[in-house]
Amino acid sequence: MFEKRDKSRKVKKITCSKCKEEILLDKRIETDYICPVCNNYLPFYSLDRIKSLADKNSFIEWDKELSLPYSSDEQEYIDKIKSTQEITNIQDAIITGEVLIEGCKCAIGVMDSSFMMASMGYVVGEKVTRLFERAGKKRLPVVIFCCSGGARMQEGIISLMQMEKTVAALRQHSEKGLLYISVLTNPTMGGVTASFAMIADIVFAEKGAQIGFAGPRVIEQNTGEKLPKGFQTSEFQKERGFVDYIVNRESLKENLARILKLHLNPKSNFLKSKQCVGIKASCISYVYKENILAWDKMKLARHISRPTSLEYIKHIFDEFYEFHGDRLGSEDSAIVAGIARIGQISVTVVAEQKGKSSLEEAQFRNWGMPSPGGYRKALRLMKQAEKFNRPIICFVDTIGAACGKKAEEQGQGVAIANLLDEMSKFSVPILSIIIGEGGSGGALALAIGNEVWMLENSVYSILTPEGYASIVWKDATRAKEAANIMKLSAEELFELGVIDRIIPEVNPVTKNNLPEISILVKQMIYGFLIKYRFRRKKSVIEERRRRFRKY
């Protein structure tokens, strides 16, 4: 970006890096710094960004006059800092403080690329560290808008030390059960990427932002490889599981406010809510229906018209915010996970998602068969639920875990084992609801609940009937016979004590009658949440362990 500034040092014109148009900065542009010609995102100066987010007169700046604690031998560097301060009217590459965003108080840091490309030296690292420390003392969530060209080369090894210093402060803040949201803007590179930018509870990224450790030019110089278009963009990082959500500037304040409010978790308000009514006996009664073969249940569970997890989530919860990625290089769309609100309480939702609307969607969702990355994503979001004391609601609907060469190379067995291990230790209550097909260990991975429920026409088994028949009789065509002896129906599993409740289907659930049964399921989930609202953490863990010890 090329900038023209007048004698008062205020920015007046910017040349857009994409369309090359010279843009006059007026109040309309300063609202979100989006090019009116091509919609390209222009550099958003820190004070203007804070103004766009903050409730009126709510921002209080912290550590404004912080400066280098030593005199550099490089007079040229000191002169550069002073001249940049005069031009930009800020002291260094980040502004920190506290603010209200739609009434939600939080600590905020905004990096500014106009100050030496927002490179991180002592002052940036110290202000970020103090931001986390002070926010921890005040019990505030932290939001940081990250952008950086990397380390401040003029400060040498001291600049490098800021990476661990900021991460250690972030860890202390996190151990207090406090929220941290990072928003990655263009560019976020080098030591900032490899420290506090990428290890937030929730990682947002502005669309099209360049995000990475080494820059494209450095990579090409070192490897001789020509990089593909779109390499290291926000979208590139989301596809690989490193970013939760791509945000537009126009809706950024709204998105931040939603997340902050979902983490308020007002327990007393939930218990007082008129919506938190008890469950009427008629809502959960179940009448055994004779002469329905297990194979018929299997066909109903697999039917194309049977609703998917996302459809249940849409009808049951008052709000749902989906997040992405396992933070290890994978984003698996067979697992859907995020934060939801039911009444006035926040929960974490993890679900297996089949694609039924088209062949393309089915392939995109891998027919609801999660990969190792999907189970690692589930575990990441469940760990957040434990940190923030949110109940976990799981929806189970899978033929089984993904099998094949790639899944094995990525550690499918290890991923499921780690999930089972961690779920056994969580102190928050877990509810698992089997809504369609529950197949093998791929289903069990999301069914380690304090309670496990099944819809009347769903199934839950050690393997598919086809697989069972192939193994036992070496004849997959005997699948119908296998289904009828496998004890996979809700009634049989209830009698075995494998599940705790059957959710009745007056008629088999389809998209047409989904709203009706969703009301029932919502009431039942309320009952579960009320039941566990004030349970001691140790008793929640022990109850889950006893559940599986009896088998």
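Because only heavy atoms are used, hydrogens play no part in the values below, and waters and symmetry mates are left out as well, while side chains stay in.
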Shortest non-hydrogen contact from [X] toward [Y]:
{"X": "P370", "Y": "D332", "result": "CA-OD2, 3.3 Å"}
{"X": "A337", "Y": "L381", "result": "CB-CG, 3.9 Å"}
{"X": "G215", "Y": "M189", "result": "CA-CE, 3.5 Å"}
{"X": "E250", "Y": "Y41", "result": "OE1-OH, 3.6 Å"}
{"X": "S330", "Y": "G373", "result": "OG-CA, 3.5 Å"}
{"X": "S113", "Y": "P43", "result": "OG-CB, 3.9 Å"}

To the nearest 0.5 angstrom, please state how far the [atom1] atom of [X] sits from the [atom2] atom of [Y].
{"X": "F44", "Y": "R249", "atom1": "CZ", "atom2": "CZ", "value": "6.0 Å"}
{"X": "I339", "Y": "F317", "atom1": "CD1", "atom2": "CZ", "value": "12.5 Å"}
{"X": "K207", "Y": "I246", "atom1": "NZ", "atom2": "CD1", "value": "10.5 Å"}
{"X": "D318", "Y": "I342", "atom1": "CG", "atom2": "CD1", "value": "7.0 Å"}
{"X": "I211", "Y": "S234", "atom1": "CD1", "atom2": "OG", "value": "3.5 Å"}
{"X": "T193", "Y": "L184", "atom1": "OG1", "atom2": "CG", "value": "7.0 Å"}

* Might you work through the salt bridge (charged side-chain N to carboxylate O under 4.0 Å, His left out) test for E206 and R49, ending with a clear yes or no? => CA-CA 13 Å; E206 288 193 331; R49 190 185 284 275; 3.1 Å; yes

Do [X] and [Y] have side-chain N/O donor and acceptor atoms under 3.5 Å apart?
{"X": "T348", "Y": "R390", "value": "yes"}
{"X": "K387", "Y": "Q384", "value": "no"}
{"X": "S114", "Y": "D112", "value": "yes"}
{"X": "T308", "Y": "Q353", "value": "yes"}

Any donor and acceptor pair, going by atom type alone, linking the side chain of [X] with main-chain N or O of [Y] inside 3.5 Å?
{"X": "R139", "Y": "K176", "result": "yes"}
{"X": "T15", "Y": "E21", "result": "no"}
{"X": "R240", "Y": "E331", "result": "no"}
{"X": "S182", "Y": "A197", "result": "yes"}
{"X": "S159", "Y": "M120", "result": "yes"}
{"X": "T129", "Y": "A169", "result": "no"}
{"X": "S58", "Y": "A54", "result": "no"}
{"X": "S432", "Y": "C394", "result": "no"}
{"X": "T96", "Y": "G109", "result": "no"}
{"X": "S358", "Y": "E361", "result": "yes"}

* Does anything in residues 56-66 pair up under salt bridge (charged side-chain N to carboxylate O under 4.0 Å, His left out), and if so which pairs, sequence neighbours excluded? ->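 Only D63-R130 qualify under salt bridge (charged side-chain N to carboxylate O under 4.0 Å, His left out).
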
* Kindly check if the number of other-residue, nucleotide or ligand heavy atoms within 6.0 Å of CZ (F213) is above 12? =>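 Incorrect, the count does not exceed 12.
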
* To do: Answer yes or no: does atom NZ of K105 have more than 12 heavy-atom neighbours from other residues, nucleotides or ligands under 6.0 Å?
  =>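 Atom NZ in K105 is not crowded, with 12 or fewer foreign heavy atoms closer than 6.0 Å.
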
* **Aromatic contact, Y33 with Y45 (centres under 6.0 Å)** =>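 Under 6.0 Å, so yes.
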
* Asked: With a 6.0 Å cut-off on ring centres, are Y321 and Y245 close enough?
  ->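 Ring centroids of Y321 and Y245 are less than 6.0 Å from each other.
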
Can you find a heavy atom in the side chain of [X] that is under 4.5 Å from one in the side chain of [Y]?
{"X": "Y180", "Y": "S174", "result": "no"}
{"X": "L310", "Y": "R365", "result": "yes"}
{"X": "I144", "Y": "F132", "result": "yes"}
{"X": "P187", "Y": "M117", "result": "yes"}
{"X": "L68", "Y": "I78", "result": "yes"}
{"X": "W62", "Y": "E98", "result": "yes"}
{"X": "I202", "Y": "H263", "result": "yes"}
{"X": "N389", "Y": "V428", "result": "yes"}

* Asked: Taking 4.0 angstrom as the limit, do E126 and K165 come out as a salt bridge?
  ->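 Salt bridge flag = yes for K165 with E126.
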
* Using 4.0 Å as the upper bound for N to carboxylate O, is an ion pair formed by D244 and K377? ->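 Not counted as a salt bridge, because no side-chain N and carboxylate O are separated by less than 4.0 Å.
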
* Single hit among K127, Q85, R152 for side chain to side chain donor-acceptor pair (under 3.5 Å) with D92 ->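 Among K127, Q85, R152, the one that satisfies the side chain to side chain donor-acceptor pair (under 3.5 Å) with D92 is R152.
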
* To do: Carefully, step by step, assess V349 and V336 under the rule side chain to side chain contact (heavy atoms under 4.5 Å, CB included).
  => CA-CA 8 Å; V349 174; V336 171; over 6 Å; no

* Would you mind listing every side chain to side chain donor-acceptor pair (under 3.5 Å) that reaches into residues 416-429, with sequence neighbours excluded? =>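 Found E386-S427.
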
* side chain to side chain contact (heavy atoms under 4.5 Å, CB included) between I14 and L25, worked out -> CA-CA 7 Å; I14 286 182; L25 287 182; 4.0 Å; yes

* With F364, which residues qualify under ring pair (Phe, Tyr, Trp, His ring centres under 6.0 Å), at least two apart? ->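 Checked F364 against ring pair (Phe, Tyr, Trp, His ring centres under 6.0 Å); zero matches.
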
* Just do the side chain to side chain contact (heavy atoms under 4.5 Å, CB included) check on E225 and I219 with the steps written out, would you? => CA-CA 8 Å; E225 183 182 1; I219 295 172; 5.7 Å; no

* Asked: Parallel under 30°, tilted from 30 to 60°, perpendicular over 60°: which one fits the rings of F395 and Y312?
  ->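 Geometry flag for Y312 against F395: parallel rings.
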
* Check step by step if side chain to side chain contact (heavy atoms under 4.5 Å, CB included) holds for L446 and M382. => CA-CA 11 Å; L446 296 190; M382 288 183 184; 3.9 Å; yes

